[in-house]
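Here's the structure we're looking at; comments come further down.
FYI, the numbering just counts along the sequence from 1. Fair warning: this is a prediction, and the values are worked out from it, not measured in the lab. All values below come from the heavy atoms of this structure, side chains included, with hydrogens, waters and symmetry mates left out.
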Amino acid sequence: MSQPRRIAIAVFDGVESLDVTGPAQVFSTASRLLDRSGRGYTVELVSAAPTPVHCAGGVRLLADSTFTDSDGEGVDTLVVPGGLRIRPEGVEAVVDPAVLAWVTRVAPRVRRVVSVCAGAHTLAAGGLLAGRRPRRTGPRPRHWPSAMRT
C-alpha cells in the first residue's frame with residue numbers, strides 16, 4: 001500500500017478562495033475515489049503565520065502549518081493560488097512577498113509546482129517559469145508579465 005501524496009497549497013491575505021478550495025476539492029475527491037487502493041492525497045494549507053488568512057471575498061482560512069515550519073520535504077505538489085488587487089485604474093495580480101520567498105525556497109524539493117490563475121505571477125516573479133511555456137485554459141491576458149508571454 002502506497003502513502004498518500006502530500007499537496008501543499010500556499011495561502012495569503014487577499015487570495016482568491018476558489019483558487020484554494022477548488023484544487024483542494026479536486027484532490028480530496030480523487031483521494032476518496034482512490035481510497036480503496038491505499039493511494040490518494042492529503043491536502044494542507046501553508047501560510048506566513050498561524051493566524052486566519054482573509055480571502056479576497058471575505059472567507060477566512062486557517063492554515064495547517066507556516067512557511068517557517070515547512071521546508072517542502074515530502075511535498076509532492078505545491079499549489080500557488082492567485083490573488084487580484086482591484087483598483088479604479090485596473091486589476092493587478094497579487095505577488096505576496098512571503099509566498100514568493102517560500103515558493104522559491106521549497107520549489108527545488110517538491111516534485112511539481114503548479115499555479116492557479118494569477119498565481120502564475122508569483123511563479124514568474126520567482127524565476128520558476130524561466131525557459132518554460134506556461135499552460136493556460138483561456139486566452140492570454142494582456143497584463144501577463146513578459147516572463148509568461150509565449
Who pairs with [X] by side chain to side chain contact (heavy atoms under 4.5 Å, CB included), at least two apart in sequence or on another chain?
X	value
Thr42	Pro4, Arg6
Val114	Thr77, Val79, Arg112
Glu89	Arg87
Thr29	Gln25, Arg32, Leu33

Heavy-atom pair with the smallest gap, counting every atom of [X] and [Y]:
X	Y	result
Ala118	Ala93	CB-CB, 3.9 Å
Asp76	Arg111	OD1-NE, 2.5 Å
Ala125	Val95	CB-CG1, 4.1 Å
Ser115	Gly119	CB-C, 3.5 Å

Co-membership, hydrophobic cluster, residues Leu34 and Ile7, 4.5 Å side-chain: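 Yes, it is one cluster - the side chains of Leu34 and Ile7 are joined through contacts under 4.5 Å.
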side-chain hydrogen bond (donor to acceptor under 3.5 Å, both in side chains) pairs, two or more places apart, involving residues 60-69: Thr66-Asp69
Between side-chain atoms of residues 97-105 and protein atoms elsewhere (two or more places apart, or another chain), which donor-acceptor pairs fall under 3.5 Å?
{"residue": "Trp102", "atom": "NE1", "partner": "Ser70", "partner atom": "O", "Å": "2.9"}
{"residue": "Thr104", "atom": "OG1", "partner": "Leu100", "partner atom": "O", "Å": "3.0"}
{"residue": "Thr104", "atom": "OG1", "partner": "Ala101", "partner atom": "O", "Å": "3.1"}
{"residue": "Arg105", "atom": "NH2", "partner": "Phe67", "partner atom": "O", "Å": "2.8"}
{"residue": "Arg105", "atom": "NH2", "partner": "Ser70", "partner atom": "O", "Å": "3.4"}

Audit row: Val80, Leu123, side chain to side chain contact (heavy atoms under 4.5 Å, CB included) steps and yes/no: CA-CA 8 Å; Val80 181; Leu123 299 187; 3.9 Å; yes
Side chain proximity check, Leu78 to Val106, heavy atoms < 4.5 angstrom: yes
Side chain to side chain, Pro23 and Val116, heavy atoms closer than 4.5 Å: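 They are in side-chain contact.
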Show which side-chain atoms of residues 8-20 pair as donor or acceptor with protein atoms under 3.5 Å away, not counting sequence neighbours.
{"residue": "Asp13", "atom": "OD1", "partner": "His54", "partner atom": "N", "Å": "2.7"}
{"residue": "Asp19", "atom": "OD2", "partner": "Gly82", "partner atom": "N", "Å": "3.0"}

Exam field: side chain Ser31 to backbone Tyr41, donor-acceptor pair closer than 3.5 Å: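 Looks like yes, one N/O pair under 3.5 Å.
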Distance in Å, Thr21 OG1 paired with Leu61 CG, rounded so as to fall on 0.5 Å steps: 8.0 Å
Point-to-point distance, once rounded to the nearest 0.5 Å, from CD of Glu92 to CG of Leu84: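 Atom-to-atom, Glu92:CD and Leu84:CG are 9.5 Å apart.
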